[in-house]
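Letters go in sequence order (proteins before strands), and every chain restarts at 1. Quick caveat: nothing in here was measured; it's all calculated off a predicted structure.
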Amino acid sequence: MLKTHTCGVLNLTNVGDVVTLAGWVNRRRDHGGLIFIDLRDRFGITQVTVDSEQAPLAHAVADQARSEYVLQVKGQVTARPEGLRNPNLSTGAIELIAEEVVILNTAKNPPFYIASGMSSSGDDVDEMLRLKYRYLDIRRPRMAQNLLLRHRIVRFIREFFSDRDFIEVETPVLLKSTPEGARDFIVPSRLQPGEFYALPQSPQQLKQLLMVAGIERYFQIARCFRDEDLRADRQPEFTQLDLEMSFADANDICAIIEAMLIELSVLIAPHKPIQTLPFPVISYADAVEYYGIDRPDLRFGQPLFNVSDLAAASDFAVFRKAVEAGGLVKGVVYPGASALSRREIDELTDFVKQYGAKGLVWIGISDEPDAAGLFAPESLRSQVTKFFTPAEIQTIFERSGAAVGDLILLVADRAAVVNPCLANLRLEIGRRARLIDPNLLAYCWVVDFPLLEYNEEEKRWQAVHHPFTSARDEDWERLESDPGSVLAKAYDVILNGWEIGGGSIRIHRSDLQDRLFARLGLTSEQTESQFGHLLEAFQYGAPPHGGIALGLDRLVAMFAEASTIRDVIAFPKTAAGTDLMLDSPCAVTEAQLAELHIALRPAKR
RNA sequence: GGAGACGUGGUGUAGCGGUUAGCAUAACGGCCUGUCAAGCCGUAGGUCGCGGGUUCAAAUCCCGUCGUCUCCGCCA
């Protein structure tokens, strides 16, 4: 090795040792006859002091060094004089008095600051540049720490499950296209002209086949691919902790995941309290009723409330018609916001409009109700009080749980508009009113999902989770007669409003799987060509089994307090699916295409 | 497919009809033996993303386009 120690390890116990360090010039402070170099490697920073009188040759070399040059320095570890120690460095009590300095490599002036503390204004570098020069971005402490955190989490996961008799089995990346779910990435076959592999959206079918194979306890840190549009929390390729267990029911799987997440949280983020133990379990129906969404952020309150019954009987046409059309009227309370400026109220209105709401009804409670619980007109601030009777206002007030000084916000529309609108409005209120403790870890389970949902466009039922999910035992009898009422043995695990994982107990009997495929409108020819391998496998003694997959990128991002999973991925893609460093995707040669039997259509752009 | 925001020396930004395009930082040169975001002095660095239009005059207003980000649709 070109170094005897790292730049983060030396301290007063090493004083007198002659050591060699190697790393990058983090910063250089040139005092003429005396040069200080902060030498940085992955492990820390050590101050190198080069004295022109003690070591003229070393000084001449250090004089040439610039930021990000790669240096090797030999010298003696020396205690810094009292008062000259740097408490911000783990090595701040010592310095390396250089005897020899070697420039191992020079460096161009980097396109952005790498040394920590340089972006002290809080402003970060444009992400476009960070992505183009990702190898320099990763040199910076923030990204380096995130990748280290990711490694520690993956390592913990591997040990946790290995210790519990799970084995990691790799599954193919070149797989088979399936019509359900997300759009596949496809890969042309050279050996089989005109045919294509697909990259796995997840190793779902393979892990079920491993259960048939008798593996019993499987996990994998698995790369998955989905060709859908990107988001801050979605990349075209991402990583799952994929897991499957035989002879397990939903409680067994949730219990082991819950134990893992608790142990992981304590290990990785001991300063972050877990809000509720054991994790709360919420039904899908309750989650939608009280939070408008199936992944509630439980770090704060402000549950939604429902006044559809009252709205149906009111004189306010907007509300009444929404309910008559089968819709809902629900609301949320913005605490302490009764005197919100009209401009801020308009901002909230624009906010809900982006989720499809036509408007936002607001009622500010500026004064106490009278002894009978009724509000005087001057106690309220609203654009709609004139449409409601005092008793109706009283009911809305009581239903909302609001207090004097709060602002009640209401949305009326189809359920598919009202719930997402208010779910996002609740989060916006949480942010604006600073109701969210950023240190809290609020885990919960969401269970009792519907098995099927009706796709209006395609006029057919489709699987909410995926088509291998089992219905609850008592619900199978309604699969044909009332498919919308069938609940699944499915569960999602939520952290701070992010869905970090989901899974289910699978169907292990081919007769039940056949029934479900029929319910989904698949012909026996289709099921045979797409899932024949699985159905056949189930006839050879498939054990009852189930599993779960956790989104590793999201989990790491939560612990890293990153606002996008790109910050916990070494080489991520942009929102347009491109890699700015490699300049991919890119065109290939005509010869490559010919070998793959592919003729291009004219590009649309 | 749709909506919004942003694009000004290497970087981060100010300027939003007439400025010599300002500031900070980095870079380069000089001075300096106790700094740790070192300091002081000096130098260089910009076709204001690109194209078109409006105007006597455009970084600034309008249209288009490219890129990045966020969101909707899409996606568990």
Side-chain angles (χ1 to χ4, degrees), chain A residues 26-39 45-54 59 66-68 80-89 91-92 95 97 108-133 136 180-184 201-202 204 224-236 238 240 294-295 350-351 353-356 417 420-421 424 446 449 457 463-466 469 490-494 498-504 548-551 554 563-564 566 573-576 578 580 604-605:
Chain A
N26 193 61
R27 232 188 304 274
R28 194 181 72 118
R29 292 176 294 280
D30 185 350
H31 288 236
L34 189 67
I35 297 174
F36 298 103
I37 290 173
D38 290 340
L39 197 66
I45 290 175
T46 300
Q47 173 164 287
V48 173
T49 303
V50 194
D51 188 311
S52 58
E53 291 172 11
Q54 290 177 29
H59 183 270
R66 294 292 180 272
S67 288
E68 301 306 315
R80 293 203 201 180
E82 207 60 49
L84 295 177
R85 296 179 176 174
N86 185 344
N88 299 321
L89 291 182
T91 60
E95 60 191 332
I97 304 298
K108 287 172 68 176
N109 187 35
F112 49 80
Y113 309 121
I114 292 170
S116 55
M118 288 317 290
S119 54
S120 56
S121 61
D123 295 323
D124 205 354
V125 178
D126 187 83
E127 194 175 3
M128 208 189 312
L129 264 183
R130 292 175 51 206
L131 290 173
K132 182 171 179 184
Y133 297 96
L136 297 179
E180 294 278 331
R183 190 179 295 113
D184 286 320
Q201 297 177 24
S202 78
Q204 180 61 37
C224 305
F225 305 86
R226 291 177 189 159
D227 189 7
E228 297 292 348
D229 286 1
L230 286 73
R231 287 285 190 282
D233 62 349
R234 281 176 8 205
Q235 283 273 301
F238 60 100
Q240 284 186 342
D294 59 1
R295 46 184 173 88
D350 289 341
F351 181 83
K353 279 181 177 172
Q354 66 174 312
Y355 299 99
V417 171
C421 255
N424 285 291
V446 175
F449 285 84
E457 284 175 21
V464 170
H465 190 62
H466 56 57
T469 300
Y491 31 83
D492 280 0
V493 58
I494 311 301
W498 282 31
E499 183 201 320
I500 56 167
S504 63
I548 193 166
L550 300 195
R554 290 181 186 175
S563 55
T564 162
R566 291 188 300 278
K573 296 187 174 46
T574 68
T578 62
L580 298 177
K604 262 191 285 185
R605 71 174 97 171

> rC36(B) C1' sits how many Å from Asp30(A) CG, rounded?
Replying inline: 14 Å

> Does rA76(B) have a Watson-Crick or wobble mate here (both distances under 3.5 Å), and if so which one?
Replying inline: none

Can you pull every protein N or O that's under 3.5 Å from an N or O on nucleotides 6-10 of chain B?
from    : atom 1 : to        : atom 2 : distance (Å)
rG10(B) : O2'    : Pro111(A) : O      : 3.1
rG10(B) : N2     : Tyr113(A) : OH     : 3.2

>> Rounding to an integer number of angstrom, what distance separates rA37(B) and rA76(B) when you compare their P atoms?
In response: 49 Å

> So, are Glu127(A) and Arg566(A) salt-bridged, with charged N and O less than 4.0 Å apart?
Replying inline: yes

> How many Å lie between CD1 on Ile97(A) and C1' on rC36(B), as a whole number?
Replying inline: 14 Å

>> Centroid separation under 6.0 Å, is that true for the rings of His465(A) and Phe449(A)?
In response: no

> Partner of rU68(B) by Watson-Crick or G-U wobble geometry, both contacts under 3.5 Å, or none?
Replying inline: rA5(B)

> What is the pairing partner of rU13(B), taking Watson-Crick or G-U wobble pairs with both distances under 3.5 Å in any strand?
Replying inline: rG22(B)

> For atom C1', what is the distance between rA44(B) and rC36(B), given to the nearest Å?
Replying inline: 28 Å

>> Please report the distance separating the P of rA57(B) from the corresponding atom of rU65(B), rounded so that it comes out in whole Å.
In response: 26 Å

>> Distance check needed: rC41(B) P versus His31(A) NE2, whole Å only.
In response: 16 Å

> Between atom NZ of Lys573(A) and atom CG of Leu131(A), what is the distance when rounded to the nearest 0.5 Å?
Replying inline: 10.5 Å

>> In this structure, how many angstroms lie between the C1' atom of rU33(B) and the CG atom of Leu34(A), rounded?
In response: 5 Å

> Who pairs with Arg130(A) by salt bridge (charged side-chain N to carboxylate O under 4.0 Å, His left out), at least two apart in sequence or on another chain?
Replying inline: Asp124(A), Asp137(A), Asp567(A)

> With nearest nucleotides of RNA chain B determined for Thr49(A) and Arg28(A) from heavy-atom distances, which residue corresponds to the more 5′ nucleotide?
Replying inline: Thr49(A)

> If you round to the nearest 0.5 Å, how far is CG of Leu39(A) from CZ of Arg28(A)?
Replying inline: 13.5 Å

>> Show, in sequence, the C-alpha distance, side-chain angles and deciding distance for Arg554(A) and Gln240(A), and conclude whether the side chain to side chain donor-acceptor pair (under 3.5 Å) test is met.
In response: CA-CA 9 Å; Arg554(A) 290 181 186 175; Gln240(A) 284 186 342; over 6 Å; no

> Do Asp51(A) and rU33(B) share a donor-acceptor pair, side chain to base, under 3.5 Å?
Replying inline: yes

> Does a side-chain N or O from Arg29(A) land closer than 4.0 Å to OP1 or OP2 of rA38(B), or not?
Replying inline: yes

> To the nearest 0.5 Å, what is the distance between NZ (Lys132(A)) and CG (Leu580(A))?
Replying inline: 8.5 Å

>> Taking only the C1' atom of each, what is the distance from rU25(B) to rG9(B) in whole angstrom?
In response: 12 Å

>> Would you compute the distance between atom CD1 of Ile548(A) and atom CD1 of Ile500(A) and round it to the nearest 0.5 angstrom?
In response: 8.5 Å

> Using a cut-off of less than 4.0 Å, is there contact between a side-chain N or O of Arg66(A) and OP1 or OP2 of rC28(B)?
Replying inline: yes

>> Does Ser67(A) reach a base, just sugar-phosphate, or nothing at all? Heavy atoms under 4.0 Å.
In response: sugar-phosphate

> How long is the gap from CZ on Arg226(A) to CD on Gln201(A), to the nearest 0.5 Å?
Replying inline: 6.0 Å

> Where along nucleotides 70-76 of chain B does protein come under 4.0 Å, by heavy atom, of base (B) or sugar-phosphate alone (S), with - for untouched nucleotides?
Replying inline: SSBBBBB

>> If I pick the C1' atom on rG18(B) and the same atom on rA59(B), what distance separates them, to the nearest angstrom?
In response: 13 Å

> Taking atom C1' of rA3(B) as reference, at what distance in whole Å does atom CZ of Phe351(A) sit?
Replying inline: 14 Å

> With both distances kept under 3.5 Å, what pairs with rC61(B), Watson-Crick or G-U wobble?
Replying inline: rG53(B)

> Any donor-acceptor pair under 3.5 Å between the side chain of Arg80(A) and the base of rU35(B)?
Replying inline: yes

> If you measure from the P atom in rU68(B) to the same atom in rG30(B), how many Å do you get, rounded?
Replying inline: 42 Å

> Considering Watson-Crick and G-U wobble pairs with both distances under 3.5 Å, what does rU43(B) pair with?
Replying inline: rA27(B)

> Expressed in angstrom and rounded to an integer, what is the separation of Ile45(A) atom CD1 from rA37(B) atom C1'?
Replying inline: 12 Å

> Please give, in whole Å, the distance from rC36(B) C1' to Leu39(A) CG?
Replying inline: 14 Å

>> Please report the interatomic distance CH2(Trp498(A)) to CG(Asp492(A)), rounded to the nearest 0.5 Å.
In response: 15.5 Å

> With a 4.0 Å cut-off on heavy atoms, is Gln235(A) in touch with a base, just the backbone sugar-phosphate, or nothing at all?
Replying inline: nothing

> Using a cut-off of 4.0 Å on non-hydrogen atoms, how would the nucleic acid contact of Leu580(A) be classed: base, sugar-phosphate, or nothing?
Replying inline: sugar-phosphate

>> Once you apply a heavy-atom cut-off of 4.0 Å, does Ala549(A) come out as touching a base, just sugar-phosphate, or nothing?
In response: nothing

>> In whole Å, measure the gap between the P atoms of rG15(B) and rC61(B) for me.
In response: 12 Å

> Are Arg234(A) and Asp229(A) within salt-bridge range, i.e. N to O under 4.0 Å?
Replying inline: no

>> Set out, in order, the CA-CA distance, both residues' side-chain angles and the distance that settles side chain to side chain donor-acceptor pair (under 3.5 Å) for Asn86(A) and Gln47(A), then state yes or no.
In response: CA-CA 10 Å; Asn86(A) 185 344; Gln47(A) 173 164 287; over 6 Å; no

>> Just the rounded figure in Å: distance from P of rU35(B) to CG of Asn26(A).
In response: 19 Å

>> With rounding to the closest Å, how many angstrom separate the C1' atoms on rG67(B) and rC50(B)?
In response: 10 Å

